[in-house]
Amino acid sequence: MEPAPTATGEGENRVLLLVPTRKDADVSERMLASVGLSSLVCSSIDHLIAEIAHGAAAILSTDELVAGSRADDLVRVLSRQEEWSDLPVVLLMRGGVQSARATDVLRQLANVTILERPTGMRSMISAVQAAVRSRQRQYQTRSHIDQIRDAEAKARHADHAKDDFLAALSHELRTPLTPVLLAASEAAADLSLPLEARETFENIAKNVALEARLIDDLLDLTRITRGKLNLEKAPHDVVRVLIDAIANVESDFKEKNLRVITELEPASCLVECDPTRLQQVFWNVLRNAAKFTPRGGRVSVRASPVEDGTRFRIRVEDTGIGMTADELDRAFQAFAQGDHANPGAAHRFGGLGLGLAISRTLVELHHGSIAAESAGPGRGSVFSIELPVLAASAEAALRGSATANLAKDNPAHALNILLVEDHAATRVALNRLLAARGHRVSLAGRVAEARETASRVSFDVLITDIGLPDGSGYELLDQLKDGNEFLAVALTGYGMEDDVQRSREAGFFAHLTKPLRATDLDAVLNAVSAELGRR
């Protein structure tokens with residue numbers, strides 16, 4: 001069966017001839033033409049090598065080709081072929097292989113057919129046709145390789161476009177949430193307001209933060225699938241991280257009147273971790289317990305070393321709706337929903353089904369494990385997280401971590417702040433919040449406006465959006481560095497690891513991702529104030 005025709009370049013289907021005499025060349029050309037094969041007579045081995053570069057289906061020659069002094073040049077050319085290519089050579093040889101020189105050359109040529117001279121016309125034509133068919137199959141392989149490479153290039157382009165789209169989508173979704181979350185979180189903490197009003201504002205802040213969390217989950221899943229999720233590990237007290245996570249979910253427990261039992265032993269335990277990411281794991285598991293436990297139920301949180309003392313176990317047990325065996329099997333799969341999310345009860349509990357999938361990846365990146373158990377529907381669930389423990393000698397690292405957190409406990413002094421934000425509602429909300437804390441704020445909405453303002457006023461801190469109408473926050477920071485002493489804080493809707501890393505490399509002291517609570521901004525400004533105090 002003949003191979004399917006393959007698109008080839010000009011000259012790639014011709015047979016290159018290098019024979020002793022013009023008469024031999026004429027006879028060979030006529031024989032090949034009689035079976036539909038085109039050919040080209042080469043006058044020398046240099047000519048042959050030059051024509052190989054323009055394409056060939058096969059070479060037809062005699063023993064002079066491998067016995068001559070230029071045979072090594074041909075071997076070198078053929079050894080440099082692309083991976084798919086193995087140009088066939090048909091040699092007419094008198095009395096077989098006659099010299100050590102010819103034997104050595106033939107040993108280096110992989111795809112050679114040898115015919116003994118004199119050779120019948122039928123045998124020679126058959127050998128050349130077989131060589132050309134072999135070459136056609138190589139062209140098919142090349143075509144498949146090109147298609148695969150083209151598909152890979154398109155996939156890389158699509159991945160890059162998807163990353164850009166998700167980053168832009170994140171920015172566009174986060175930016176309008178920022179003034180809402182800032183105002184709501186600030187009002188929720190305002191003791192001059194009635195309790196009912198504060199609770200309303202807290203509810204608004206909670207739901208805006210939840211919206212941001214859903215955006216983060218989608219971005220985290222993208223980072224995970226592309227292997228771009230990076231952790232910043234250091235020795236940290238895992239019990240402290242767990243207590244903070246419990247505090248963050250406290251409102252969920254109170255809302256459903258859930259009884260929370262905590263047994264944390266010992267009071268502290270060091271693990272090598274990224275505390276933000278680890279708290280995300282605990283937050284997901286605790287919030288799941290709150291979500292799937294009926295009003296008035298119970299959630300137990302126990303933390304203790306495992307038997308051999310090399311690992312630390314956090315166990316979260318609830319009296320909720322429980323899970324079937326099938327639900328347990330897919331509990332950590334992305335976008336998986338339990339049987340409660342069937343068509344008759346779709347999204348009864350909300351969420352995208354990403355939290356546990358992301359949590360499993362984060363735990364594994366910490367060299368730990370996470371598992372789910374349930375005795376069945378209506379009988380509650382248990383999630384167990386185990387993490388490797390650091391040696392007791394890491395106590396000094398814990399002290400260093402505590403020192404690093406002092407900035408959070410010391411309120412910032414009044415600062416001169418240049419705030420650059422093109423989103424008007426966010427700019428107004430931030431200005432009010434900063435002024436209420438005694439900071440002196442100068443406002444700008446564009447790079448050019450920020451430069452003009454910086455030429456007139458002195459400032460300790462630059463807080464700038466990254467994406468501005470007439471440039472970027474990176475460019476602005478570079479332009480303002482000369483002759484000014486200040487710390488810079490990036491405030492942006494772009495919050496992927498690459499974005500955070502880039503802002504650090506650009507010289508930003510901190511990176512705040514929209515939307516942010518007032519407490520997030522307070523913590524950064526406290527750290528800025530502490531850093532300025534040390535200078």
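Quick caveat, the model's predicted, so the values are computed rather than measured.
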Using only atom types and a distance under 3.5 Å, with no angle test, would you say the side chain of S529 pairs donor to acceptor with the backbone of H413?
yes

Parallel, tilted or perpendicular: which describes the rings of F486 and F459, with under 30° parallel and over 60° perpendicular?
tilted

Run the side chain to side chain contact (heavy atoms under 4.5 Å, CB included) test on D150 and Q147 for me, step by step, so that the C-alpha distance in whole Å, both residues' side-chain angles and the decisive distance to 0.1 Å come before the verdict.
CA-CA 5 Å; D150 184 56; Q147 290 172 9; 5.6 Å; no

Should the heavy atoms of other residues, nucleotides or ligands under 6.0 Å from NZ of K481 be counted, would the total exceed 12?
yes

Pair Q479, E475 - check side chain to side chain donor-acceptor pair (under 3.5 Å), show working.
CA-CA 6 Å; Q479 294 167 9; E475 295 168 345; 5.2 Å; no

Is V389 close to C269 at the side-chain level, that is, under 4.5 Å between some pair of heavy atoms?
yes

Are F312 and V239 close enough that some pair of their side-chain heavy atoms sits under 4.5 Å apart?
yes

Can you list the steps and then say if L491 with L516 is a side chain to side chain contact (heavy atoms under 4.5 Å, CB included)?
CA-CA 9 Å; L491 175 62; L516 70 156; 3.6 Å; yes

If you apply the rule salt bridge (charged side-chain N to carboxylate O under 4.0 Å, His left out), what do you find for R437 with E186, and how did you get there?
CA-CA 11 Å; R437 282 154 173 73; E186 181 74 347; 2.7 Å; yes

Are H423 and P179 packed together at the side-chain level, in the sense that at least one heavy-atom pair is separated by less than 4.5 angstrom?
yes

Test log, rule side chain to side chain contact (heavy atoms under 4.5 Å, CB included), inputs V285 and I314:
CA-CA 10 Å; V285 173; I314 296 92; over 6 Å; no

Look at atom CZ of R440 and say whether more than 12 heavy atoms of other residues, nucleotides or ligands are closer to it than 6.0 Å.
yes

For the pair E272 and K233, evaluate salt bridge (charged side-chain N to carboxylate O under 4.0 Å, His left out) and give the outcome as yes or no after the intermediate values.
CA-CA 6 Å; E272 184 84 8; K233 294 183 182 179; over 6 Å; no

From CA spacing to verdict: side chain to side chain contact (heavy atoms under 4.5 Å, CB included), L191, R198:
CA-CA 8 Å; L191 298 179; R198 296 203 307 273; 4.2 Å; yes

Say whether, by atom type as modelled, one donor and one acceptor occur between the side chain of T453 and the main chain of E449 under 3.5 angstrom.
yes

If the condition is side chain to side chain contact (heavy atoms under 4.5 Å, CB included), which residues does R240 pass it with, not counting sequence neighbours?
D237, I243, D244

Any luck finding a side-chain donor-acceptor pair between D326 and T324 under 3.5 Å?
no

Quick check: are there more than 12 heavy atoms from other residues, nucleotides or ligands sitting under 6.0 Å from CZ of R298?
no

Only counting residues at least two apart or in another chain, list the ones meeting side chain to side chain donor-acceptor pair (under 3.5 Å) with D308.
T310

Could you tell me whether the side chains of S503 and H511 share a donor-acceptor contact shorter than 3.5 Å?
yes

Applying salt bridge (charged side-chain N to carboxylate O under 4.0 Å, His left out) to K514 and E421, what does each step give before you reach the verdict?
CA-CA 12 Å; K514 299 175 181 177; E421 169 60 62; 2.9 Å; yes

Any chance you could lay out the salt bridge (charged side-chain N to carboxylate O under 4.0 Å, His left out) test for D252 and K256, step after step, and finish with the verdict?
CA-CA 7 Å; D252 295 74; K256 297 179 71 174; over 6 Å; no

